[in-house]
A.B. asks: 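Below you will find the structure I want to go over with you.
Every chain is numbered from 1 and lettered A, B, ... according to where its sequence line falls, protein lines coming before strand lines.
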2 protein chains.
Amino acid sequence: MPRDATLEDVARQAGVSLATASRVLNGSTRQVGRALRDRVEQAAAELGYTTNRAAQALARSASDILGLVVHDLSDPYFAEVANAVVRAAGRHGLSVMVGTTFRDPEAEIGYVATLRAQRVRAIVLAGSRSADPEVTARLRAEIDRFQGTGGRAALIGQDLLGVDTVVPDNHAGSRELAEALARLGHTRFAVLTGPPGLLTAADRTAGFAEGLASLGLPAPVLIPGPFDRDGGHAAARELLAAHGTEVTCVFAVNDVMAVGALAALRGAGVDVPGRISVAGFDDIPTLRDLTPALTTVRLPLAEMGTRAVELALGADPAGAEAARARVVLRESTRALT
Amino acid sequence: MPRDATLEDVARQAGVSLATASRVLNGSTRQVGRALRDRVEQAAAELGYTTNRAAQALARSASDILGLVVHDLSDPYFAEVANAVVRAAGRHGLSVMVGTTFRDPEAEIGYVATLRAQRVRAIVLAGSRSADPEVTARLRAEIDRFQGTGGRAALIGQDLLGVDTVVPDNHAGSRELAEALARLGHTRFAVLTGPPGLLTAADRTAGFAEGLASLGLPAPVLIPGPFDRDGGHAAARELLAAHGTEVTCVFAVNDVMAVGALAALRGAGVDVPGRISVAGFDDIPTLRDLTPALTTVRLPLAEMGTRAVELALGADPAGAEAARARVVLRESTRALT
DNA sequence: TAATCGCCGGAAAACGCTTTCCGTATCCGA
DNA sequence: TCGGATACGGAAAGCGTTTTCCGGCGATTA
């Protein structure tokens with residue numbers, strides 16, 4: 001098995017020093033004379049030389065890798081964010097190393113450690129963290145160690161003191177949604193709240209409840225459950241069983257849950273929005289092709305990913321930065337006449 | 001800014017040699033005595049030592065990174081595959097570096113080059129390649145160079161002579177779909193073929209047409225267009241404009257196109273499956289929540305990703321390997337009475 | 001009891017690149 | 001003609017690991 005050509009092979013073949021070959025092939029502030037430059041380039045082409053990035057990273061003590069950790073790539077929310085992150089990283093000449101945690105906080109911490117070992121240039125952490133202070137502290141410690149030795153990090157989701165964060169305006173978005181739905185005439189609501197102890201879910205639930213309260217409406221029925229499609233499905237069934245008739249509108253704290261809820265309601269023969277209106281949160285792309293199209297709160301997912309990359313790379317210590325959430329009313333919610 | 005603790009720091013603190021520290025902390029065939037082992041471990045803990053993987057990769061000349069290149073992470077097909085790849089790689093202790101090409105073959109070649117420069121352990125290429133022989137040859141050459149110096153590669157999709165490949169049975173799947181639809185009584189079909197020169201799309205179109213021909217049915221109307229949701233939408237509109245009344249069943253060569261077509265038909269007030277039946281291909285997860293639920297040909301997406309990783313990592317020269325495709329009839333296709 | 005073997009610790013040479021430091025050659029203006 | 005920049009080539013010292021030797025030592029064998 002022939003080994004890859006090294007810079008030394010190139011230098012030898014071109015009859016120049018290692019230093020010169022390096023300067024020609026891998027950028028440098030220094031100039032190299034035309035004649036030698038040509039010789040080196042030709043030698044490199046003949047040998048099919050490709051820079052060994054691992055060696056380069058070691059020598060420069062700076063890699064060109066950006067780490068990304070998400071919960072689940074097959075969740076459209078993260079897929080969208082990841083897509084934007086990969087794209088933005090590419091624009092900065094960085095490759096992306098991605099990890100999926102499947103919502104296991106331990107895995108998340110582990111991934112940060114792995115990325116730190118890789119000495120990646122920056123880490124983008126997407127997805128909300130747990131409310132468990134002990135776990136959060138450990139994650140925090142891991143990030144601190146990374147940042148302590150020159151690493152950069154940015155989060156998407158919950159603010160984690162002192163780390164640059166793109167924070168979607170969950171609270172205000174949900175609150176506005178509540179107001180918009182109330183304007184349609186609804187008064188009795190249910191919220192599929194997701195798991196207790198998930199900050200994003202909690203914020204959205206709180207914002208929604210607050211919106212209702214400020215209008216003098218009764219507090220919503222709260223149904224917890226997993227944060228995914230099947231969780232929404234199950235929660236909706238539970239809702240029907242327990243509070244079948246009282247409620248006219250249900251808010252699932254994220255879109256995939258709302259999709260599951262929609263399926264459950266359809267399965268139970270409940271007309272949406274005829275009998276019950278449904279709303280979600282995030283505005284994942286698949287939503288528009290559902291029947292009925294789902295009312296939701298739009299988050300600029302791609303933009304958030306892009307912004308996180310810039311935050312993680314940028315020199316400006318931006319601190320926390322809000323991503324505006326916007327209510328989008330579609331067919332799944334109707335006005336009560 | 002303090003720098004990361006190095007192995008040398010650890011060795012000094014523990015009062016042992018570099019060799020010993022390395023053997024303790026980063027695995028080795030060699031044993032280290034109990035006393036020294038403890039000293040090293042304690043020193044490492046005190047200093048917060050983390051192996052520098054770049055340096056390790058250089059010294060071992062073997063990285064623990066797996067490269068993955070997909071077209072578009074926000075396409076559920078690739079999201080599903082990528083998810084499985086990341087998971088499978090994790091089981092083998094590898095991290096995944098991912099690139100997205102957005103269907104640009106040049107970008108694909110470029111990414112393979114990047115991954116080669118990174119000296120990744122293996123590369124998994126998902127997504128069908130172009131029919132342009134010149135581009136394919138260049139991609140092939142790039143892969144060859146990678147494999148020529150000990151890299152491993154596996155593809156998902158079209159077979160590329162001599163590279164291990166997981167190939168979905170597009171032809172047979174489409175053919176069986178055609179037969180199943182014919183059995184429902186349909187005789188006049190349209191196929192939304194995707195772009196000309198995309199092998200996967202061509203295979204599926206051909207298999208479908210062949211199925212019809214073997215039953216003595218007329219050839220389908222062929223409508224080309226982009227391979228994505230909007231492409232399907234546009235193609236369906238075109239179909240309605242040109243052949244509005246003749247056709248009773250349309251096959252979009254992938255699910256995202258079928259979803260777009262469904263939306264277009266709904267937008268045009270065409271009842272599905274009342275007036276036109278619609279079928280797709282892939283069975284992406286979002287399908288089940290559509291109304292009507294979409295008939296499709298199921299591909300074991302996650303399994304394909306997992307298998308590709310094993311192919312790329314495994315010692316067994318498996319060659320091309322088929323992934324069985326299975327017709328799944330749902331509500332979007334109805335029997336003609 | 002001497003010869004042999006296994007174990008285990010360390011010195012040092014890679015791995016493939018970057019970058020500092022030095023030295024020589026060339027150019028400019030006076 | 002000379003002094004001082006300026007430009008550019010190369011030697012060599014890293015970057016943080018792994019791994020090959022080599023040597024010493026205690027235990028086994030004859």
A.B. asks: Once you round it to whole Å, what is the distance between C1' of D:dT19 and CG of B:L25?
C.D. replies: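 Atom CG in B:L25 sits about 16 Å away from atom C1' in D:dT19.
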A.B. asks: Would you compute the distance between atom CG of B:N52 and atom CG of A:L58 and round it to the nearest 0.5 angstrom?
C.D. replies: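 B:N52 atom CG to A:L58 atom CG measures 6.0 Å (nearest 0.5 Å).
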A.B. asks: Determine whether a donor-acceptor pair (N or O, by modelled atom type, separation under 3.5 Å) exists between the side chain of B:R37 and the backbone of B:V32.
C.D. replies: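 Judged by distance alone, yes, a pair lies under 3.5 Å.
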A.B. asks: Under a 3.5 Å distance rule, please check whether A:N83 uses its side chain to pair with a backbone N or O of B:L73 as donor and acceptor.
C.D. replies: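 Yes; at least one donor-acceptor contact below 3.5 Å.
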A.B. asks: For B:A84 and B:A302, which heavy atoms make the closest approach, and how far apart are they?
C.D. replies: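 Heavy atoms of B:A84 and B:A302 come nearest at CB-O, 3.2 Å.
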A.B. asks: Can you measure B:R12 atom CZ to C:dG9 atom P for me and round it to whole angstrom units?
C.D. replies: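 Roughly 20 Å, once rounded to whole Å.
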A.B. asks: Atom CG of A:N52 and atom C1' of D:dG16: how far apart are they, to the nearest Å?
C.D. replies: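 Taking CG of A:N52 and C1' of D:dG16, I get 14 Å after rounding.
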A.B. asks: Identify whether the distance between the nearest side-chain nitrogen and carboxylate oxygen of A:D4 and B:R119 falls below 4.0 Å.
C.D. replies: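 A salt bridge links A:D4 with B:R119.
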A.B. asks: Just how far, in rounded Å, is P of C:dT18 from CG of A:N26?
C.D. replies: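 One finds 4 Å between P of C:dT18 and CG of A:N26, rounded.
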A.B. asks: Between A:R39 (side chain) and A:A14 (backbone), is there a donor-acceptor pair under 3.5 Å?
C.D. replies: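 A pair under 3.5 Å: yes.
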A.B. asks: Go along nucleotides 6-11 of chain D 5' to 3' and tag each nucleotide: B for a protein heavy atom under 4.0 Å from its base, S when only backbone or sugar atoms are that close, - otherwise.
C.D. replies: --BBBB
A.B. asks: Any carboxylate oxygen within less than 4.0 angstrom of a Lys/Arg side-chain nitrogen, looking at B:R138 and B:E142?
C.D. replies: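 So B:R138 does not pair with B:E142 through a salt bridge.
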A.B. asks: Do A:T165 side-chain atoms and A:V163 backbone N/O form a donor-acceptor pair below 3.5 Å?
C.D. replies: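 A pair under 3.5 Å: yes.
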A.B. asks: What pair of heavy atoms forms the shortest contact from A:A43 to A:V10, and how long is it?
C.D. replies: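 Closest heavy-atom pair between A:A43 and A:V10: CB-O, 3.8 Å.
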A.B. asks: May I have the distance from B:R53 (atom CZ) to D:dT17 (atom C1'), rounded to whole angstrom?
C.D. replies: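 After rounding, the reported distance stands at 12 Å.
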A.B. asks: Could you check which residues of residues 56-63 of chain A get a heavy atom under 4.0 Å from DNA chain D? Sort them by number, please.
C.D. replies: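 Heavy-atom contacts with DNA chain D come from A:L58, A:A59.
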A.B. asks: Please work out if B:D4 contacts a base, only the sugar-phosphate, or nothing of the nucleic acid, heavy-atom cut-off 4.0 Å.
C.D. replies: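 Nothing: the residue B:D4, judged by heavy atoms under 4.0 Å, touches no strand.
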A.B. asks: With a 3.5 Å distance limit and no angle check, can you tell me whether A:R121 reaches the backbone of A:L66 through a side-chain donor-acceptor pair?
C.D. replies: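 Such a contact is absent between A:R121 side chain and A:L66 backbone.
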A.B. asks: Donor-acceptor pair, distance only, cut-off 3.5 Å: does the side chain of A:D104 make one with the backbone of A:T101?
C.D. replies: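 Pair absent, no side-chain N/O of A:D104 close to backbone of A:T101.
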A.B. asks: Rounded to the Å, how far apart are A:Y49 OH and C:dC17 P?
C.D. replies: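 Nearest whole value for this atom pair: 3 Å.
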A.B. asks: What bend angle does the helix from C:dT1-D:dA30 to C:dA30-D:dT1 show across its length, from five-pair end axes and to the nearest 10 degrees?
C.D. replies: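 Result, rounded to 10 degrees: 30°.
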